[in-house]
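Any value given below was found using the heavy atoms of this structure, including those in side chains, with hydrogens, waters and symmetry copies removed. Along the sequence shown, residues carry numbers from 1.
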Amino acid sequence: MDEDLKTYIERRERALARVRQILIRDLKVRRRPEELDPDTPLFGAGLGLDSIDAVELVVCFEAELGVRLSDPSSAPRALRTINTLVDLALEAGRVGATGEEAHERRDQ
């Protein structure tokens with residue numbers, strides 16, 4: 001496997017684990033991490049989150065990963081599925097090779 005692809009997959013898996021952790025710990029989603037399919041919608045028939053949960057999720061993402069949704073019009077797209085949250089974390093560069101950046105940011 002190409003080394004760049006392997007690195008990307010590892011980063012994506014770490015980001016997915018962090019997003020699942022936030023959903024379970026902070027939003028009280030009552031499922032085990034492996035039960036949270038990355039393509040699961042966050043709202044409606046998916047996880048059933050509501051508008052209050054959306055605000056909580058944005059706050060958690062900012063506190064945990066330092067990720068801000070600076071453009072409010074991008075929120076609906078970024079908060080669509082677990083995968084779109086992972087994309088958001090990766091695009092912001094907050095989950096790196098070791099995943100330590102997010103822990104350090106939270107401790108500050």
Practice item. Can you run down the side chain to side chain donor-acceptor pair (under 3.5 Å) pairs that involve residues 73-82, sequence neighbours left out, and say none if there aren't any? Key: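 Side chain to side chain donor-acceptor pair (under 3.5 Å) check on residues 73-82 returns D71-S73.
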Practice item. Kindly state each residue pair satisfying side chain to side chain donor-acceptor pair (under 3.5 Å) with at least one member in residues 39-57, sequence neighbours excluded. Key: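 Found D39-N83.
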Exercise for review: Inspect the surroundings of CD1 in I52 and state if more than 12 heavy atoms from other residues, nucleotides or ligands are less than 6.0 Å away.
Suggested key: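 Counting neighbours around CD1 of I52, 12 or fewer heavy atoms of other residues, nucleotides or ligands fall under 6.0 Å, so no.
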List for me each residue that meets side chain to side chain contact (heavy atoms under 4.5 Å, CB included) alongside [X], sequence neighbours excluded, and say none if there are none.
X: E35; value: R31, R32
X: P33; value: R20, I24
X: K28; value: none

Check your understanding: Between L69 and A78, what is the shortest heavy-atom contact and its length?
Key ->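 The answer is CD2-CB, 3.9 Å.
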Practice item. Looking only at non-hydrogen atoms, find the nearest pair between L47 and L36 and report the distance. Key: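 Scanning both residues completely, I find the closest heavy atoms to be CD2-CD2, 3.6 Å.
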Check your understanding: Can you find a heavy atom in the side chain of L23 that is under 4.5 Å from one in the side chain of L57?
Key ->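 Yes, close enough: below the 4.5 Å cut-off.
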Check your understanding: Given side chains that start at C-beta, do those of L85 and I22 come closer than 4.5 Å, heavy atoms only?
Key ->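 No; the side chains remain at least 4.5 Å from each other.
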Exercise for review: May I have all residue pairs that pass salt bridge (Lys or Arg N to Asp or Glu O under 4.0 Å) and include part of residues 81-90, sequence neighbours excluded?
Suggested key: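 Residue pairs passing salt bridge (Lys or Arg N to Asp or Glu O under 4.0 Å), neighbours aside: R12-D87.
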Check your understanding: Could E13 and R18 be called an ion pair, given the rule that one side-chain N must be under 4.0 Å from one carboxylate O?
Key ->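 Salt bridge: no.
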